[in-house]
Amino acid sequence: MRIGELSARTGASPRSLRYYEAQGLLASSRSPSGQRHYNEEHIQRVRLVQAFLAAGVPSATIAEMAPCMSEPTQDRARQALEILGRERARLSEAIDDLLTARTALDHLIDDNHAYLARSADDAP
């Protein structure tokens, strides 16, 4: 199948598919004229890449796990699990940082409400 059909069957834009290929997340064969060709297995691969991206895993990290996706083995699965654990820790840290920032923002909002309440009391 060509890139347009893979796009239609996965919901990934042709631009995204070309990006996946450039990042080493997807490989296509090429016709003599240079057109990309994909097979049925590529549908599953694109969906897996989309799932990783939706989970916040950067494309470079997905590329680290590409060997496990292409030819899974116990050792590669363990390596992928280690990588995913690292990504989960990174996301947890980012969430903690965002919660801290939100708490600080809530305090600023409370201060602003208090100021407005005091200003309303002082108005004639």
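Scanning for side-chain hydrogen bond (donor to acceptor under 3.5 Å, both in side chains) contacts around S33 gives S31, with sequence neighbours left out. Under the salt bridge (Lys or Arg N to Asp or Glu O under 4.0 Å) criterion, R2 pairs with no residue at all, not counting sequence neighbours. Remark: E41 pairs with no residue by the salt bridge (Lys or Arg N to Asp or Glu O under 4.0 Å) rule, at least two apart or across chains. Take T73 and apply the side chain to side chain contact (heavy atoms under 4.5 Å, CB included) test, not counting sequence neighbours, and it matches D75, R76. Applying the salt bridge (Lys or Arg N to Asp or Glu O under 4.0 Å) rule to R45 yields no partners; only residues at least two apart in sequence or on another chain are considered. When the side-chain hydrogen bond (donor to acceptor under 3.5 Å, both in side chains) test is applied to E71, no partner is found at least two apart in sequence or on another chain. Residues forming a side-chain hydrogen bond (donor to acceptor under 3.5 Å, both in side chains) with T10 (at least two apart in sequence, or on another chain): none. Qualifying salt bridge (Lys or Arg N to Asp or Glu O under 4.0 Å) partners for R90, counting only residues two or more places apart in sequence or in other chains: E87. Contacts of S7 classified as side-chain hydrogen bond (donor to acceptor under 3.5 Å, both in side chains), with partners at least two apart in sequence or in another chain: none.
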Per-pair distances, 0.1 Å, donor-acceptor, side chain in residues 96-116, under 3.5 Å, sequence neighbours excluded:
from: T100; atom 1: OG1; to: D96; atom 2: O; distance (Å): 3.0
from: T103; atom 1: OG1; to: L99; atom 2: O; distance (Å): 3.0

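Within the model, atoms CZ of R47 and CZ of R9 stand 7.5 Å from one another, a figure rounded to the nearest 0.5 Å. Between atom NE2 of residue H37 and atom OG of residue S28 there is a gap of 9.0 Å, rounded to the nearest 0.5 Å.
Within the structure, salt bridge (charged side-chain N to carboxylate O under 4.0 Å, His left out) contacts touching residues 14-24 (residues at least two apart or in different chains) are E21-R30, E21-R36.
Heavy-atom minimum distance, A80 versus C68: CB-SG, 4.2 Å.
Members clustered with V46: M1, I3, L6, L17, Y19, Y20, L25, L26, Y38, I43, L48, V49, F52, L53, V57, I62, M65, M69, I83, L84, by chain and number, using a 4.5 Å side-chain heavy-atom cutoff among hydrophobic residues.
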query: What do the steps show when you test R86 against E64 for side chain to side chain contact (heavy atoms under 4.5 Å, CB included), and what is the final call?
result: CA-CA 12 Å; R86 186 180 71 217; E64 281 183 72; 2.9 Å; yes

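Between the S16 side chain and the A12 main chain, no donor and acceptor come within less than 3.5 Å of each other.
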